[in-house]
Amino acid sequence: MSNADVEAGGPAGREATTGIKPPPGRYNPSSNGPNAVAPAPPPFYYYDQAAAQERHHRTWVVPLVVIANVAMFVVVMYYNNCPANGGRRDCVGRSFLRRLSFQPLRENPVLGPSAATLRKYGALDWYGVVHGNQAWRLETSTWLHAGLIHLAANMISLLLIGIRLEQQFGFWKVGLVYLVSGFGGSVLSVLFISRNGITVGASGALFGLLGAMLSELITNWTIYSNRCAAMVNLIIIAAINLALGILPRVDNFAHIGGFATGFLLGFVLLIQPQFGWSEQVSSAKSKYNAFQIILLTLSVALLIAGFAAGLVSVFKGVDGNAHCSWCHYLTCVPTSSWKCDK
């Protein structure tokens, strides 16, 4: 290392004296002439978008959730045992799936078990939650699926969305968004669910990740260059799951509740620093912009108020359909091939 490098504040001298590499683009190392302008001292803290994009957390929660959902579906199908249900010969795939065969399409068009089996193993049941002291169904229902098509659509979407989020933000943040969003979707679902019907699915939790991705895109808008691509990806995945929501036992109210919960959680958990402070100032700047702090504060308040109001309404037995005569069509549209639970 030459003395010229040290005296001119060049890269070699800067790294040797501070131990911190300066951010890219702050100086030109080839400008060693007498008229060269000395670069500004490196900041003590700065947000480096390229470095942030290169930092990847180890991904294990999302694959584990996928494996758990698939395993749960297999277990439920095993105990469903369609051929043993009165000796039925119209079970789908009976010849090669045997006791894992699906219920007849007129009963379950998404290739899955019976409603009675789903209810037995934790489906969201209004009477059980409100009058049967079975609040655990608000979470267990998010680990069940109405059928193979429903399961495949949710798990593919989860891998596409969840892995990227977990790599960027880590397992505990993404895991928390997933679990809380699924619970939030179930709370809204109970308010509109048919008194005799059931709902299942991880769609509420999945839509929570979609909502968190959207709020993360908003709160960290300035550090992204592919905003449009991310937005298109969100719209496509949301459209697929909303289309499946018109089928029996797939609940769009869970989608809406999960999305809203994840959207608010994204402002709280997935916030990223926008700027920092330098060695030349005595008072350090906040790492976050003012609008990020405002959104975080509002989101926390709305989450607390929303869950409090929702849970009180649920355990009071409030019927959301009494205040919205057409809302039930958002979750199931009857056709000649199937009927909706009444």
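Heads up: numbering here begins at 1 and tracks the sequence.
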So CZ of Phe207 and CG of Asn154: to nearest 0.5 Å the spacing works out to 8.5 Å
Distance col, row Leu179:CG vs Thr261:OG1, nearest 0.5 angstrom, shows 12.5 Å
Between Phe315 and Val130 the two heavy atoms that sit nearest each other are O-CG1, 4.4 Å
- Message: Side-chain heavy atoms nearer than 4.5 Å, only ILVMFWY residues, links allowed to pass through others: does that put Leu298 and Leu214 together?
- Response: no
Leu188 and Gly257 have their tightest heavy-atom pair at CD2-N, 3.5 Å
### Query
Between the side chains of Arg137 and Gln134, does any donor sit under 3.5 Å from an acceptor?
yes
**Report entry** Within-4.5 Å side-chain heavy-atom neighbours: Phe169 and Leu269
**Finding:** no
>> Can you confirm whether Thr219 sits close enough to Leu270 that some side-chain heavy atom of one is under 4.5 Å from a side-chain heavy atom of the other?
In response: no
Under a 4.5 Å side-chain heavy-atom rule over Ile, Leu, Val, Met, Phe, Trp and Tyr, are Tyr79 and Leu151 clustered together?
yes
Shared hydrophobic cluster, Leu159 / Ile67 (ILVMFWY, side-chain heavy atoms < 4.5 Å)
no
inquiry  = Applying side-chain contact (heavy atoms from CB on, under 4.5 Å) to Arg94 and Cys82, what does each step give before you reach the verdict?
reply    = CA-CA 8 Å; Arg94 176 179 177 174; Cys82 180; over 6 Å; no
Item checked: Pairwise side-chain contact, Glu216 with Gln168, heavy-atom cut-off 4.5 Å (strictly under) -> yes
Correct closest heavy-atom pair for Asp319 and Arg195 would be CB-NH2, 2.9 Å
OG1 (Thr199) and CZ (Arg119) are apart, to the nearest 0.5 Å, by 10.5 Å
Check whether any side-chain heavy atom of Val187 lies under 4.5 Å from a side-chain heavy atom of Leu311, and answer yes or no. yes
**Report entry** Cluster overlap Ile304 with Leu264, hydrophobic side-chain contacts below 4.5 Å
**Finding:** yes
Exercise for review: Flag the pair Phe73 / His145 as yes when their ring centroid distance falls below 6.0 Å, and as no otherwise.
Suggested key: no
What one should report as the nearest heavy-atom pair of His150 and Val200 is CE1-O, 3.6 Å
Between Met72 and Trp143, the two heavy atoms sitting closest are CG-O, 3.4 Å
Does the side-chain contact (heavy atoms from CB on, under 4.5 Å) test come out yes or no for Lys120 and Val76, once each step is laid out? CA-CA 10 Å; Lys120 178 180 179 181; Val76 170; over 6 Å; no
_Check this for me: Arg99, atom CZ, are more than 12 non-hydrogen atoms of other residues, nucleotides or ligands nearer than 6.0 Å?_
yes
- [ ] Could you check Val61 against Val174 for side-chain contact (heavy atoms from CB on, under 4.5 Å), going step by step and ending with a plain yes or no?
- [x] CA-CA 8 Å; Val61 164; Val174 174; 5.6 Å; no
**Item:** Exceeds 12 heavy-atom contacts within 6.0 angstrom, atom CZ of Phe291
**Value:** yes
Value for CZ (Phe267) from CG (Leu296), rounded to nearest 0.5 Å, stands at 10.0 Å
Do side-chain atoms of Gln292 reach the backbone of Gln272 as a donor and acceptor pair under 3.5 angstrom?
yes
_Can you confirm whether Val129 sits close enough to Val314 that some side-chain heavy atom of one is under 4.5 Å from a side-chain heavy atom of the other?_
yes
Non-hydrogen side-chain atoms of Asn80 and Ser114 separated by less than 4.5 Å:
yes
Check your understanding: Does any non-hydrogen side-chain atom of Pro113 lie less than 4.5 Å from one of Asn108?
Key -> yes
Correct closest heavy-atom pair for Val66 and Met155 would be CA-SD, 3.8 Å
Students often mix this up, so state it plainly: with edges at 30° and 60°, are the rings of Phe253 and Phe192 parallel, tilted or perpendicular?
parallel
Review point. Hey, any chance Leu118 and Val75 share a hydrophobic cluster, counting ILVMFWY side chains that come within less than 4.5 Å of each other, even indirectly?
Key: yes
task = May I ask you to decide if the ring planes of His131 and Tyr127 are parallel, tilted or perpendicular, using 30° and 60° as cut-offs?
result = tilted
One should read off an interatomic distance between Ser186 OG and Trp136 CH2, to the nearest 0.5 angstrom, of 12.0 Å
CZ of Phe102 to CG of Asp90, rounded to nearest 0.5 Å, is 14.5 Å
Inset, instruction - Report the C-alpha separation of Ser101 and Val92 in whole Å, then their side-chain angles, then the decisive distance to 0.1 Å, and conclude whether the side-chain contact (heavy atoms from CB on, under 4.5 Å) test is met. - result: CA-CA 6 Å; Ser101 59; Val92 178; 6.0 Å; no
Just so I know, are the side chains of Leu158 and Val65 near enough to count as touching, which here means a heavy-atom distance under 4.5 Å?
yes
Any side-chain to backbone donor/acceptor pair from Ser215 onto Ala212? Under 3.5 Å, distance only.
yes
Item to check | Donor-acceptor contact present, side-chain Ser181 to main-chain Ala205, <3.5 Å | outcome: no
